[in-house]
There are 2 protein chains.
Amino acid sequence: MAGERTSAGDPDRTLRLLWRDPTAVGRRGPRQGLSIDGVVDAATALADAEGLDAVTMRKVAAELGVVAMTLYTYVPGKAELLDLMLDAAYARMDRADTAGRPWRERVTEVAAENRRLFEAHPWAARVSTGRPLLGPGQMAKYEHELSAVDGLGLDDVEMDASLGHLLAFVRAWARDAADARAAVSESAMTDEQWWAVNAPLLERALDPGAYPLASRVGSAAGAAHGTAYDPAFAYEFGLARLLDGLAVLVER
Amino acid sequence: MAGERTSAGDPDRTLRLLWRDPTAVGRRGPRQGLSIDGVVDAATALADAEGLDAVTMRKVAAELGVVAMTLYTYVPGKAELLDLMLDAAYARMDRADTAGRPWRERVTEVAAENRRLFEAHPWAARVSTGRPLLGPGQMAKYEHELSAVDGLGLDDVEMDASLGHLLAFVRAWARDAADARAAVSESAMTDEQWWAVNAPLLERALDPGAYPLASRVGSAAGAAHGTAYDPAFAYEFGLARLLDGLAVLVER
DNA sequence: CCTCACTTCTTACAGCGTACAATGTACTGC
DNA sequence: GCAGTACATTGTACGCTGTAAGAAGTGAGG
C-alpha cells in the first residue's frame, strides 16, 4: 500500500458525504440495504482489528454481506471511505473541558486525547490528508483543541501553528510506535531476540572503533529502555521538550 | 500501498547485503549481469522521478533490461530493496563539520541536512523502518548527528532521545509536505482553487457560529500563508520551538 | 400499468509481489 | 577434456488489489 491517500475525488461530493447531506431526494429505484455509517463502521472495525492494509473493498463488503462493487453506491471510492473513517474517529474522540487549568495541563490533555485516538485506531496515524478534512469531526476537534491554546497571548497564526506542531508530534509518534509494534509481530521476534541476532553480526561487519559515539550512545540508550525504540519514553521526552518550547513562546 | 515497510526477511542476510559482504565466494554458475548497487540505484532513480509507488519490481527490472524475477537474485524481496535504498541515501548525505560552533547552529544544520535528504528523496520519508537499519549509511549518519548534541552536558540517553526527537520532527514535516504536494498534483487544483470550491460548500454545511475559534483562527492562518498548509513556515516554526525546548534541557 | 431511475451483482482488466519450474551457462573435480 | 552441478535468468502462474462496464432486478412516478 501505498501510503494511503485520501480525498482523491470530487470535493463537492466528498463534503456532502462528510456532512451526510441528504440532497439526493428523488429516490426512484429500490431502497438501499445499507447506510454510509454502516459502511464506515464496518471498515473501521476491520481497520481496528486487522490494520489498514486489511481494509479492502472486498473485505469491507464481505463484512456487510454484499459484494465489493455495492459499496460504490455509498462511497465514490476507497479514498473517500478513508476520509469518512477518519472524520468519524475524530468525532468520537473524548474532549475534556480543561478551561481554567494551567496551559501546560491543557496542552498535555490535548496530546493525550490524540494519543488515545491513535492507540484505539492505529490506522488513523497512517491515513494522510493532503488537504484538511473539513468534516464535522475534524471541525469539532479543531475547535476544541484550539481552545487549549486560547488566551495565552498567542496571535491566531501562532495558535494554529502551535496546535499543528503538537498534532504533528503526536501523529509522528503514533506512526513510529505502530511501526515498532509491526516490526515485532511481523518478524515474530522480540526486540531482545532481534538484538541478540544482530549484535554479533554487526560487530563482525564494522570496523571496531569506527563509530565510537554511535556505539556508546546507542548501547546506552538500548540498555536504558531494554529495546532500540521505547515508545512510552519517546512520548514523554518529546512532549516535555515540546511544552518547554511552547513555554518560550507563551511566556515571552 | 500500503505504508511501505522494510526488513521483513532474514536479518543475517539483510545485514550482509547492507554491508556488501562478499561471503558467497565459490561461484560456480554464470556471472551476474547486474550488481546490487545497480539495482539500488535504478530503484532510487525511479523513486526520485516518479515516487515510491512507482517502485515496482517489474519497473525496476525493466529499467535494467531484465525481467522482474531476476532482481530476486540480488535482493531477497522488495522490503530489503527499500532498506538498501534508504541506507544508500543516508550514506550519500552531506555532513557538515560544525565542531566548535554554538549548539543551536549545529542542531539546525543537522535538521537542514535531513531536510535536504527529504527534498532530494521525498520517498525516504515514507519508508518506515520498524527496527533500526544497521547499515553503513545509517551508522555514519548516526555517528555524525550525535556529534552535534555531544558536549552539551546531556547524558547518553538524553543525547539519543534529543536526536530522535529532532529526526522525528523533520521526517514528519517531510511527510506532511509531500502529502500536501501530492494533494495539489493529484487533484489538479491549486490550494486557492480548492479553497474557492470548498469555502461556500462548507459555509452552507455548517451551523454559522458553531465553530467560532476554528473559523477565526483557520481563516487567519489561511490568509497569512495563502494556503491551508505552508511547509516552509511549519518547518521554521517547528524547528524554533524544538530548539527552545532543547535549550531548557541543555541550559539546565 | 408502464417507464425508468436506481441498487445490486457478475464479469473483467491491469497491476502488484513473488513461488515454481524450465533453460542455459560456466566453474569444479576427475 | 569432460561430466556434474551450482547458479542466473526467464516464463508462467497465483492470489490479491481498486474499480470500470454491463446485466438484472426493484419499486415509485406519471
Side-chain angles (χ1 to χ4, degrees), chain A residues 1-10 13 22-36 38-39 42-43 46-47 50-85 127 186, chain B residues 1-10 13 22-36 38-39 42-43 46-47 50-85 127 186:
Chain A
M1 112 211 94
E4 315 282 342
R5 189 148 284 128
T6 71
S7 272
D10 174 24
R13 172 91 193 272
T23 282
V25 270
R27 324 259 280 76
R28 193 104 82 112
R31 290 281 154 72
Q32 290 189 312
L34 308 172
S35 67
I36 298 186
V39 172
L46 204 50
E50 301 178 43
L52 195 54
D53 295 342
V55 179
T56 71
M57 299 303 268
R58 282 173 238 259
K59 280 191 194 155
V60 173
E63 212 74 37
L64 294 164
V66 295
V67 100
M69 289 310 293
T70 302
L71 301 182
Y72 288 85
T73 329
Y74 298 86
V75 146
K78 195 186 174 183
E80 288 78 7
L81 177 55
L82 294 177
D83 274 348
L84 293 169
M85 290 167 63
V127 330
E186 276 172 32
Chain B
M1 125 183 200
E4 314 282 342
R5 188 148 285 128
T6 71
S7 271
D10 174 23
R13 171 91 192 273
T23 282
V25 269
R27 321 257 280 77
R28 192 104 83 114
R31 290 282 155 72
Q32 289 188 313
L34 309 172
S35 67
I36 299 187
V39 172
L46 203 51
E50 301 178 44
L52 195 55
D53 295 342
V55 179
T56 71
M57 299 303 268
R58 282 173 238 258
K59 281 190 192 156
V60 173
E63 211 74 37
L64 294 163
V66 296
V67 100
M69 288 311 293
T70 302
L71 302 182
Y72 288 85
T73 330
Y74 299 85
V75 146
K78 194 184 176 186
E80 288 78 7
L81 176 54
L82 294 176
D83 275 348
L84 293 169
M85 290 168 63
V127 330
E186 277 173 32

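The structure displayed is predicted, hence computed values, not measured ones. Residue numbering restarts at 1 for every chain, and letters A, B, ... go by the order of the sequence lines.
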- [ ] Nearest 0.5 Å please: distance from the OG1 atom of Thr56(A) over to the NZ atom of Lys78(A).
- [x] 7.0 Å

Task: Gap separating the OG1 atom of Thr70(B) from the CG atom of Leu34(B), nearest 0.5 angstrom - done: 7.5 Å

Open item on the list: Within this structure, what is the CG-NZ distance for the pair Asp53(A) and Lys59(A), rounded to the nearest 0.5 Å?
Closed with: 8.5 Å

Open item on the list: Return the CZ to CD distance between Arg58(B) and Glu63(B), rounded to the nearest 0.5 Å.
Closed with: 15.5 Å

Task: For atom CG of Leu64(B) and atom C1' of dA8(D), their distance in whole Å - done: 15 Å

List every contact pair, protein side and nucleotides 27-30 of chain D side both N or O, where the distance is under 3.5 Å.
| unit_1 | atom_1 | unit_2 | atom_2 | d |
| --- | --- | --- | --- | --- |
| dA28(D) | O4' | Arg28(A) | O | 3.4 |

Task: Closest non-hydrogen atom pair between Ala61(B) and Leu71(B), with its separation - done: N-CD1, 3.8 Å

Open item on the list: Please determine whether a side-chain nitrogen or oxygen atom of Thr73(B) lies at a distance below 4.0 Å from atom OP1 or OP2 of dA8(D).
Closed with: no

Open item on the list: Nearest whole Å is fine: how far is dC9(C) C1' from Leu71(A) CG?
Closed with: 12 Å

Open item on the list: For Leu82(A) versus Leu52(A), what's the shortest heavy-atom pair and its separation?
Closed with: CD2-CD1, 3.9 Å

TODO: Please determine, for the side chain of Met69(B), which listed nucleotide (dT8(C), dA19(C), dT19(D)) has the closest atom?
DONE: dA19(C)

Task: From Met85(B) atom CE to Leu46(B) atom CG, the distance as rounded to the nearest 0.5 Å - done: 8.0 Å

Report each atom pair, protein N/O against N/O of nucleotides 13-17 of chain C, whose distance is under 3.5 angstrom.
| unit_1 | atom_1 | unit_2 | atom_2 | d |
| --- | --- | --- | --- | --- |
| dC16(C) | OP1 | Thr56(B) | OG1 | 3.1 |
| dG17(C) | OP1 | Lys78(B) | NZ | 3.1 |
| dG17(C) | OP2 | Met57(B) | N | 3.0 |
| dG17(C) | N7 | Arg58(B) | NH2 | 2.5 |
| dG17(C) | O6 | Arg58(B) | NH2 | 2.9 |

TODO: Side chain of Val67(A) only, please: which of dT7(C), dT10(D), dT10(C) is the nearest?
DONE: dT10(C)

TODO: Side-chain contact test, heavy atoms from C-beta onward, threshold under 4.5 Å: evaluate it for Gln32(A) versus Thr73(A) and give yes or no.
DONE: yes

TODO: Write down the distance between CD (Gln32(A)) and P (dC9(C)), rounded to a whole number of angstrom.
DONE: 12 Å

